[in-house]
Asks: 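Submitted below is the structure of interest, expressed as structure tokens.
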Amino acid sequence: MTEITTTFRARLVDFVDRLVPKKLLRLFVHPKFQEFVGLERIEALGSWIDNTFMLKRRQKICREQHVDQSTEDYLKSHFCANPFRQLETTPTGLAYVCCPIWLPTPIGTLDSDPEQLWNSDAAKRIRESILDGSFRYCNHWHCPAIASRSLPHRDSPEARQVIEQYKKNPARLPEHLVLSHDKSCNLSCPSCRSSLYLANSRKQAELDRLTERTLLPLLAEAKSVMITGSGDPFGSKHFRNLIKRLNGGGFPQLRLELITNGQLLDERAWRELNLEGRVKYVQISIDATEAATYAIVRRGGDFARLRKNLAFLGELRRAGRIAALEFSMVVQALNFRQMPDFVRLGQEFAADRVAFNMIRQRDIFSKEEHVAAFIGDPSHPDYQEFLEVLKAPELARQEAPEVLIGNVLEYVKRAEIAAA
Ligand SMILES: C[S@@+](CC[C@H](N)C(=O)[O-])C[C@H]1O[C@@H](n2cnc3c(N)ncnc32)[C@H](O)[C@@H]1O
Ligand code: SF4
Ligand code: SF4
């Protein structure tokens with residue numbers, strides 16, 4: 001009976017997963033629908049759908065992935081420290097030990113006891129899968145470290161140190177946290193969302209309770225914390241409160257890594273949030289070098305204000321008051337012509353790196369919207385021009401800022417192989 005129920009449930013999950021979620025999710029993010037049903041209910045339902053259906057599909061892909069002999073041999077002789085050192089939070093209330101796209105098995109929910117969460121059975125199973133060399137919870141295609149064969153060797157000093165530490169003290173708390181549990185942001189970039197989202201006061205209070213109950217205990221032994229991959233560290237009231245709390249004296253060793261649109265990161269925020277001496281790395285996502293393009297791709301942003309804040313950050317970097325500064329661009333049909341200029345923008349404001357990443361398909365896009373934006377497709381009307389832009393000498397420069405071309409050339413390579 002249990003077996004029949006399980007099979008039936010698995011089939012139902014599969015059926016609903018294939019037919020419903022993408023369309024449903026697009027409906028959920030439609031502003032009129034949100035207004036009608038109420039944002040809180042939508043959020044709860046969206047999280048439930050993601051945690052129940054989408055997640056199962058991502059896990060099934062991992063379970064059923066074909067592992068060729070060369071990958072199997074590679075993984076048997078290599079190691080990844082992430083599941084032993086890192087904890088990542090998500091807006092659906094789950095916690096992971098790596099990026100949820102690359103390793104889609106959660107270790108538990110954010111409302112659990114912090115130590116039990118970090119040492120949950122799922123967390124232990126994931127760590128064992130790294131130690132036994134199967135990496136069976138990792139998506140071998142999506143994980144850049146596996147795909148680019150850049151994991152450390154199992155016998156390297158780094159790997160041996162992590163393994164020995166784990167054997168001595170398996171319960172040791174994470175060294176690095178990635179906090180992505182609040183989507184609140186001051187912008188609504190079309191690549192990311194269809195409308196502005198700011199948590200209401202009830203949600204904010206709930207998130208602030210999470211700080212005291214879960215996040216601070218989990219941060220007790222951490223050396224670094226990244227804020228954020230979900231919303232904006234300065235556009236979210238919760239993240240601002242958290243940063244203030246972390247910089248209030250209780251976490252002297254902890255260093256911040258900030259990923260932000262940069263609109264609100266000015267001298268005043270720097271002072272008010274007590275950021276001096278606390279920040280290791282700042283990534284500013286910019287996506288354009290011209291004000292008109294910026295207004296579209298970074299909807300709600302003001303280019304003049306951005307430039308003023310970049311000048312402030314450039315000064316901090318030149319004075320060594322932040323250890324690294326990176327500018328990033330999500331490459332798409334609207335902005336690819338500005339790629340060479342983007343490198344010059346990095347140079348102007350003392351960035352260490354400028355990084356390019358191809359626009360990723362998101363549930364919020366219709367198929368037509370993605371086709372129009374995705375310049376990596378050889379059938380895109382501007383594809384040939386895109387290939388010409390990629391030959392620009394600025395993109396191959398050796399001196400600072402370093403150019404990280406990300407997955408952009410990967411797409412071009414794949415297209416060339418497909419055409420051959
Ligand atoms: C979601 S944002 C959160 C941090 C912050 N608000 C920011 O924009 O930097 C994290 C990163 O995702 C990038 N991003 C947004 N939409 C994307 C898409 N469709 N494909 C690839 N990257 C995307 C942003 O440019 C940013 O660098
Ligand atoms: S998905 Fe990749 S980065 Fe994450 S734990 Fe596995 S090997 Fe490491
Ligand atoms: S600034 Fe970042 S989080 Fe905000 S909408 Fe844009 S990409 Fe998304």
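When a ligand or atom number is given, it counts from 1 through the structure's own listing order. Just so you know, these numbers use all the heavy atoms, side chains as well, and skip hydrogens, waters and symmetry mates. Numbering starts at 1 and runs along the sequence shown.
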Asks: Heavy-atom contacts with Ile359 under 4.0 Å: which atoms of ligand 1 show up? List them by number with element.
Replies: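 Those atoms are 19 (N), 20 (N).
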Asks: Between the side chains of Asp132 and Arg125, is the shortest nitrogen-to-carboxylate-oxygen separation below 4.0 Å, so that they form an ion pair?
Replies: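 So Arg125 does not pair with Asp132 through a salt bridge.
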Asks: Does an N or O anywhere in Gly231 fall below 3.5 Å from an N or O of ligand 1?
Replies: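 Min N/O separation from ligand 1 is below 3.5 Å for Gly231.
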Asks: Heavy-atom pairs closer than 4.0 Å: do any link ligand 1 to the side chain of Thr260, the backbone, both, or neither?
Replies: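 The answer is the backbone.
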Asks: Considering the heavy atoms of Gly229, write down every atom of ligand 1 situated less than 4.0 Å from one of them.
Replies: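 Reading through ligand 1 atom by atom, the close ones are 1 (C), 3 (C).
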Asks: By the definition side chain to side chain donor-acceptor pair (under 3.5 Å), identify the one residue from Asn261, Asp287, Thr293 that meets it with Arg298.
Replies: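 Among the candidates, only Asp287 passes.
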Asks: Could you see which bit of Ser328 sits under 4.0 Å from ligand 1, with heavy atoms only: side chain, backbone, both or neither?
Replies: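 Near ligand 1, Ser328 shows its side chain, while the N, CA, C and O stay back.
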Asks: With heavy atoms under 4.0 Å as the rule, classify the contact between Gln283 and ligand 1 as side chain, backbone, both or neither.
Replies: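 Contact part for Gln283 vs ligand 1: side chain (C-beta onward).
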Asks: Please could you name the atoms of ligand 1 that Ser191 approaches to less than 4.0 Å, counting only its heavy atoms?
Replies: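 In order of numbering, the contacting atoms are 15 (C), 16 (N), 17 (C), 18 (C), 19 (N).
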Asks: Can a protein heavy atom be found under 4.0 Å away from atom 11 (C) of ligand 1?
Replies: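 Looking at atom 11 (C) of ligand 1, one finds that no protein heavy atom lies closer than 4.0 Å.
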Asks: Among protein heavy atoms, which sits nearest to atom 2 (Fe) of ligand 3, and what does the distance come to when rounded to 0.1 Å?
Replies: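 The answer is Arg298 NH1, 4.1 Å.
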Asks: What part of Arg360, side chain, backbone, both or neither, has a heavy atom within less than 4.0 angstrom of ligand 1?
Replies: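 Near ligand 1, Arg360 shows its backbone as well as its side chain.
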Asks: Which ligand 3 atoms are under 4.0 Å away from a heavy-atom of Ser230?
Replies: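 Those qualifying, in numeric order: 3 (S).
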Asks: Salt bridge or not for Asp266 and Lys308, using N-O below 4.0 Å?
Replies: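 No, Asp266 and Lys308 are not salt-bridged.
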Asks: Of the backbone atoms (N, CA, C, O) and the side-chain heavy atoms from C-beta on, which set of Arg193 has a member under 4.0 Å from an atom of ligand 1: side chain, backbone, both, or neither?
Replies: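 Neither; nothing of Arg193 gets under 4.0 Å from ligand 1.
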Asks: Any Lys/Arg nitrogen of Asp208 or Lys237 sitting under 4.0 Å from an Asp/Glu carboxylate oxygen of the other?
Replies: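 Salt bridge between Asp208 and Lys237, a charged N being under 4.0 Å from a carboxylate O: no.
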Asks: Using a 4.0 Å cut-off to any heavy atom of Arg298, which atoms of ligand 1 qualify?
Replies: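 Ligand 1 atoms under the 4.0 Å threshold to Arg298: 8 (O), 24 (C), 25 (O).
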Asks: Can Asn357 be said to touch ligand 1, with heavy atoms closer than 4.0 Å?
Replies: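 Flag not set, Asn357 not near ligand 1.
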Asks: Between Ser285 and ligand 1, does any nitrogen or oxygen pair lie at a separation below 3.5 Å?
Replies: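 Among all N and O atoms of Ser285, at least one is under 3.5 Å from an N or O of ligand 1.
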Asks: Please identify which atoms of ligand 1 are closer than 4.0 Å to at least one heavy atom of Arg362.
Replies: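 Once the distances to Arg362 are compared, the set is 15 (C), 16 (N), 17 (C), 18 (C), 19 (N).
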Asks: If you leave out waters, which protein N, O or S atoms are less than 2.8 Å from atom 6 (Fe) of ligand 2?
Replies: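 Short answer, with waters excluded from the count: Cys138 SG.
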Asks: When you check the gap from the basic side-chain N to the acidic O, do Arg318 and Glu315 get nearer than 4.0 Å?
Replies: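 Result for this pair is no, no salt bridge flagged.
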Asks: Quick one: name the protein N/O/S atoms under 2.8 Å from atom 4 (Fe) of ligand 3, chain by chain.
Replies: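 Within the sphere that stays under 2.8 Å of atom 4 (Fe) of ligand 3, the protein atoms of type N, O or S are Cys185 SG.
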Asks: So which bit of Val330 gets within less than 4.0 Å of ligand 1, heavy atoms only: side chain, backbone, both or neither?
Replies: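 It is the side chain that gets close, since no backbone atom is under 4.0 Å.
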Asks: Any non-hydrogen atom of Gly262 lying under 4.0 Å from ligand 1?
Replies: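 No; Gly262 lies far enough from ligand 1 that no heavy-atom distance drops under 4.0 Å.
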Asks: Taking atom types as modelled, find out whether Gln69 and Asp73 have a side-chain donor-acceptor pair closer than 3.5 angstrom.
Replies: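 Yes, side-chain donor-acceptor contact under 3.5 Å.
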Asks: Using heavy atoms and a threshold below 4.0 Å, how should the contact between Thr228 and ligand 1 be classified: side chain, backbone, both, or neither?
Replies: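 Backbone only; the side chain of Thr228 stays clear of ligand 1.
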Asks: So, are Arg307 and Glu348 salt-bridged, with charged N and O less than 4.0 Å apart?
Replies: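 Salt bridge: yes.
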Asks: Nearest heavy-atom pair of His380 and Ala372: which atoms, and what distance?
Replies: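 Scanning both residues completely, I find the closest heavy atoms to be NE2-O, 2.8 Å.
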